[in-house]
Amino acid sequence: MNLRDTIRDIKDFPKKGIVFKDITTLLKDPVAFRQALDEMTDVVRGQKIDIVVGIESRGFIFGAPLADRLGSGFVPARKLGKLPDETIQEEYALEYGTNTIEMHRDAIQPGMRVLIADDLLATGGTVEATAKLVESLGGEIAGLVFLIELKFLNGRSRLTRYPVTALIEY
Ligand code: AMP
């Protein structure tokens with residue numbers, strides 16, 4: 001199956017000028033969803049992955065089943081104020097203003113091999129901040145995996161230190 005055919009474009013969402021990639025149409029298709037997880041699993045086949053980090057919130061949808069398949073743990077990277085215990089934080093720039101992403105301070109032990117998963121790579125700001133959190137805890141980044149990459153935003157250029165894989169490119 002061509003996964004691209006299961007992604008829906010929504011024009012001017014959440015604001016004018018943005019073409020939002022709606023993945024709910026992929027998720028509700030059991031064959032497409034399984035294929036996406038199969039392809040993501042293949043990215044790190046043969047490697048030892050201790051932890052999959054999923055980025056809130058659509059990264060959880062892929063990250064958690066991926067962790068289960070890989071026999072690794074799952075760690076959420078969350079928006080500010082959602083995690084209950086002691087956290088570390090990283091701020092990153094948005095088009096207007098900033099966002100902050102957090103992880104629990106005890107989520108990753110030094111030397112652990114970590115795969116970061118999210119639904120979509122746009123400018124790369126979110127995943128770069130998440131990768132910094134993982135590294136500040138001593139984690140080693142085995143890779144960054146996405147369902148979709150918006151190539152024209154050139155997010156990869158800030159992620160050259162990491163192996164980056166996206167299943168679908170626009
Ligand atoms: P960025 O930090 O710019 O790489 O943005 C990545 C995050 O924003 C991802 O978690 C996506 O879920 C979301 N995102 C950005 N642009 C889009 C888009 N055009 N369609 C759907 N989600 C998007």
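In listed order, ligands and their atoms are each counted from 1. Quick caveat: nothing in here was measured; it's all calculated off a predicted structure.
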Partner of M112 under side-chain contact (heavy atoms from CB on, under 4.5 Å), chosen from L137, D50, V75, V134: D50
Distance-only N or O hit between ligand 1 and L150, under 3.5 Å: no
Under 3.5 Å donor-acceptor, R4 side chain and E169 backbone: yes
Numbered atoms of ligand 1 (with element) below 4.0 Å of T123, judged on heavy atoms: 1 (P), 2 (O), 3 (O), 4 (O)
Enumerated ligand 1 atoms positioned under 4.0 Å from heavy atoms of D118: 9 (C), 10 (O)
For D12, salt bridge (Lys or Arg N to Asp or Glu O under 4.0 Å) partners two or more places apart: K16
Quiz item: cation-pi between R78 and F60, 6.0 Å / 45°: no
D119 and ligand 1 - part of the residue with a heavy-atom distance under 4.0 Å: side chain
Distance-minimising heavy-atom pair for S72 and V52: OG-CG2, 3.5 Å
Distance from atom 19 (N) of ligand 1 to nearest protein heavy atom, with residue and atom: V19 O, 3.0 Å
Contact partition for L120 relative to ligand 1, non-hydrogen atoms under 4.0 Å: both
Under 3.5 Å: N/O of G124 near N/O of ligand 1: yes
Distance filter under 4.0 Å to T126 heavy atoms, resulting ligand 1 atoms: 1 (P), 2 (O), 5 (O), 6 (C)
R58, R158, E95, E149: member with heavy atom nearest to atom 22 (N) of ligand 1: R58
Backbone or side-chain N or O of I18 under 3.5 Å from ligand 1 N or O: no
All N/O donor-acceptor pairs, side-chain side in residues 142-159, below 3.5 Å, sequence neighbours left out:
| unit_1 | atom_1 | unit_2 | atom_2 | d |
| --- | --- | --- | --- | --- |
| E149 | OE1 | R156 | NE | 3.1 |
| E149 | OE1 | R156 | NH2 | 2.9 |
| E149 | OE2 | R156 | NE | 2.9 |
| R156 | NH1 | V164 | O | 3.2 |
| S157 | OG | N154 | O | 2.8 |
| R158 | NE | E128 | OE1 | 3.0 |
| R158 | NH1 | T123 | O | 3.2 |
| R158 | NH2 | E128 | OE1 | 2.9 |

Residue pair Y170 / V19, side-chain heavy-atom distance below 4.5 Å: no
Min side-chain heavy-atom separation R8-T24 under 4.5 Å: yes
K21: numbered ligand 1 atoms lying under 4.0 Å from its heavy atoms: 18 (C), 20 (N), 21 (C)
